[in-house]
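What you are looking at is a predicted structure, and each value in this text was computed from that prediction instead of being measured.
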Amino acid sequence: MRRLQEEMNRAFGGFRLAVPAEYPPVNVWAGADGAIITAEVPGVAPDQIDITVHQDTVTLRGKREPAAPGKDATVHREERATGSFARTLVLPFRVDSEKASARFERGVLILELPRPPADKPRQIKINPA
C-alpha cells in the first residue's frame, strides 16, 4: 500500500488538484478596543509588504520571490506559490489609522488596529428618578 501511495505521489506530484487558498493566511481577533490581525508571510521581507488601512478596510500587498537554487538544479516538487499577492479584509468597525501599528516576528506579520475613541462602545448609566 505504501509503495502504491509513493508511486501515485510521484505520478501526480506536479499537479495542483486543490484550489489554492487566499494568501497570506490570516487570523483576525476583534474586541471593544480594536483588532489584531496576524498574517503568515514566510520568505517575504518586511520591507516588501505594503499595508493600507482605510476606515474599516485593511489591505496587505506584496511579492513572494521564487527561491533561487543552483543553475543545474532540477525542480522535483514546487508547492509554495510565488509572485504578487493582495489580501483585503473588512473589519466590523473603523480603525484609527494614526495609531495602527505593525511588527514582524519570524515570518508572521502582526497588525494592531485600535478603534477610534468615538467608535468604542460606552456604557450609559441610568439616572435615578
Check: By side chain to side chain contact (heavy atoms under 4.5 Å, CB included), which residues pair with Thr82, not counting sequence neighbours?
Finding: Pro66
Check: Given Leu60 and Leu111, is the side-chain contact (heavy atoms from CB on, under 4.5 Å) satisfied, shown in steps?
Finding: CA-CA 10 Å; Leu60 307 174; Leu111 302 173; 3.8 Å; yes
Notebook entry, point to check: Can you name the residues that form a side-chain hydrogen bond (donor to acceptor under 3.5 Å, both in side chains) with Arg61, not counting sequence neighbours?
Noted result: none
Check: How long is the gap from OG1 on Thr57 to CG on Leu89, to the nearest 0.5 Å?
Finding: 9.0 Å
Check: Is there any salt bridge (charged side-chain N to carboxylate O under 4.0 Å, His left out) pair reaching into residues 101-118, and which pairs are they, with sequence neighbours excluded?
Finding: Arg103-Glu105, Arg103-Glu112
Next item on the list: Would you mind listing every side chain to side chain donor-acceptor pair (under 3.5 Å) that reaches into residues 31-54, with sequence neighbours excluded?
Entry: none
Checklist line | Other cluster members, Ile36 - Ile/Leu/Val/Met/Phe/Trp/Tyr, side-chain contacts below 4.5 Å | finding: Trp29, Val108, Ile110
Side-chain donor-acceptor pairs under 3.5 Å in residues 92-102, sequence neighbours left out?
{"unit_1": "Arg94", "atom_1": "NE", "unit_2": "Asp119", "atom_2": "OD2", "d": "2.8"}
{"unit_1": "Arg94", "atom_1": "NH2", "unit_2": "Asp119", "atom_2": "OD1", "d": "3.4"}
{"unit_1": "Arg94", "atom_1": "NH2", "unit_2": "Asp119", "atom_2": "OD2", "d": "3.3"}
{"unit_1": "Asp96", "atom_1": "OD1", "unit_2": "Glu98", "atom_2": "N", "d": "3.4"}

Check: Please walk me through it: do Leu109 and Val44 pass side-chain contact (heavy atoms from CB on, under 4.5 Å)?
Finding: CA-CA 10 Å; Leu109 175 66; Val44 179; over 6 Å; no
